[in-house]
Amino acid sequence: IGEIKRHLRDNNPIRVSRSLRDTAYKALQMKESLENKKSKEPNLNEIAEELGISREDIVYALDAIQDPISLFEPIYH
Amino acid sequence: MENKAKLTIDSLSDNIGLARVTVASFASQLNFTLAELEEIKVAISEAVSNSIIHGYAEESGEIEIRMRVYGEQLEIIVKDQGCGIEDIEAACEPAYTTAGRMGLGLVFIDSFMDKFEIESKAAKGTTLKMIKIPAQEKKQIN
Amino acid sequence: MENKAKLTIDSLSDNIGLARVTVASFASQLNFTLAELEEIKVAISEAVSNSIIHGYAEESGEIEIRMRVYGEQLEIIVKDQGCGIEDIEAACEPAYTTAGRMGLGLVFIDSFMDKFEIESKAAKGTTLKMIKIPAQEKKQIN
Ligand SMILES: Nc1ncnc2c1ncn2[C@@H]1O[C@H](COP(=O)(O)OP(=O)(O)O)[C@@H](O)[C@H]1O
Ligand SMILES: Nc1ncnc2c1ncn2[C@@H]1O[C@H](COP(=O)(O)OP(=O)(O)O)[C@@H](O)[C@H]1O
Ligand SMILES: [Mg+2]
Ligand SMILES: [Mg+2]
């Protein structure tokens with residue numbers, strides 16, 4: 001989580017509002033906690049249901065905080 | 001269950017994010033993980049930016065993105081009416097590019113999707129068809 | 001600067017969120033505050049759910065959502081080919097509903113948008129046209 005926080009802090013475009021960041025954070029945190037609980041990767045619907053936030057709003061928030069370059073890291077490494 | 005939607009955008013790089021968010025939102029009705037949704041977003045970004053950069057070569061035109069879920073499959077069709085791809089087989093080779101770019105877009109799409117087909121005609125345009133199934137569903141089938 | 005996009009969806013309540021996020025994503029190219037984007041999202045949800053619930057009365061049909069920015073304005077047109085609104089003036093009254101609902105959808109849209117027009121014909125369908133300008137831009141004009 002610390003690493004995610006640092007990543008978000010360092011890569012945030014100014015236009016991304018606080019509440020979008022909060023939504024994205026919560027989704028990533030919930031993903032980790034569900035992953036630990038069930039020892040398998042949760043799908044977005046499970047994350048959305050657990051948070052009580054619509055799946056589309058989570059998609060939007062995650063996209064807004066994204067540093068596009070990081071998408072390609074897993075492929076190049 | 002079947003559901004479909006179609007997004008038509010002007011060929012402006014401003015609209016790549018719009019296409020990405022719309023398709024990922026539509027896709028989220030199936031049981032995709034966040035990682036799979038990221039793969040879908042990369043595929044859409046690559047497909048749409050190809051239509052903008054290569055297909056219309058910065059001229060203006062429209063790009064049509066059809067989305068459909070049926071059963072547990074997601075089908076996405078990205079269509080432009082741009083210049084078309086001369087040699088499809090060559091275009092799919094890693095590092096092949098006609099515009100001094102990375103030449104990996106089509107390779108990414110192919111690796112992120114379960115099925116990927118290209119149809120293209122010179123001066124008529126290009127249509128990409130992609131299918132992706134959540135890994136979770138594939139496991140249950142086996 | 002002009003830019004436009006069009007989203008066509010099946011009239012399923014599953015697609016309300018898709019319409020909301022697509023329009024918000026398109027709108028974000030203008031200088032809307034987060035609160036204004038929320039207002040846009042509410043207006044779209046109300047418009048699209050009206051088309052689904054009233055226009056098509058849970059039958060299947062298509063809903064077209066056209067988005068356009070020009071200058072600093074956002075224009076949104078939501079169109080269905082459903083049953084149409086019998087009495088547009090009555091429909092716009094607070095608490096007026098033909099379906100035992102709250103009767104506030106059109107009131108919300110009107111209050112959240114800078115301009116709001118309804119066109120409707122029995123058995124032909126309904127078209128809503130909305131315009132919203134970021135408050136920030138309006139200040140600069142004055
Ligand atoms: N929609 C399209 N219209 C015309 N040509 C295309 C289109 N998509 C891809 N191409 C051709 O295929 C090549 C490879 O595409 P891609 O793998 O995405 O690499 P890159 O975009 O980095 O060149 C492009 O350089 C271009 O010549
Ligand atoms: N797209 C539409 N097609 C047909 N009738 C509509 C449509 N939109 C609104 N109406 C009519 O206008 C009325 C008021 O709409 P609204 O203010 O959203 O309230 P509610 O949806 O809660 O009834 C509806 O009850 C319905 O009779
Ligand atoms: Mg490319
Ligand atoms: Mg209503």
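Residue numbers begin at 1 in each chain, while the letters A, B, ... track the order of the sequences. Model, not experiment: these values are computed from the prediction.
Applying the 6.0 Å contact sphere to CD of B:Gln81 captures no more than 12 heavy atoms from other residues, nucleotides or ligands. Residue C:Lys41 qualifies as enclosed at atom NZ: its count of foreign heavy atoms under 6.0 Å is above 12. Other residues, nucleotides and ligands place no more than 12 heavy atoms under 6.0 Å from the CD atom of C:Glu86.
Residue-level contacts of residues 67-78 of chain C with chain B do not occur; threshold 4.5 Å between heavy atoms. Contacts between residues 116-132 of chain C and chain B, counted as heavy-atom pairs separated by less than 4.5 Å, involve no residue at all. Scanning residues 3-19 of chain B against chain C with a 4.5 Å heavy-atom cutoff picks out B:Asn3, B:Lys4, B:Ala5, B:Lys6, B:Leu7, B:Thr8, B:Ile9, B:Asp10, B:Leu12, B:Asp14, B:Asn15, B:Gly17, B:Leu18, ordered by number.
Only the side chain of C:Glu62 has a heavy atom closer than 4.5 Å to any heavy atom of chain B.
Every residue was checked against the side chain to side chain contact (heavy atoms under 4.5 Å, CB included) condition with C:Ser111, not counting sequence neighbours, and none meets it.
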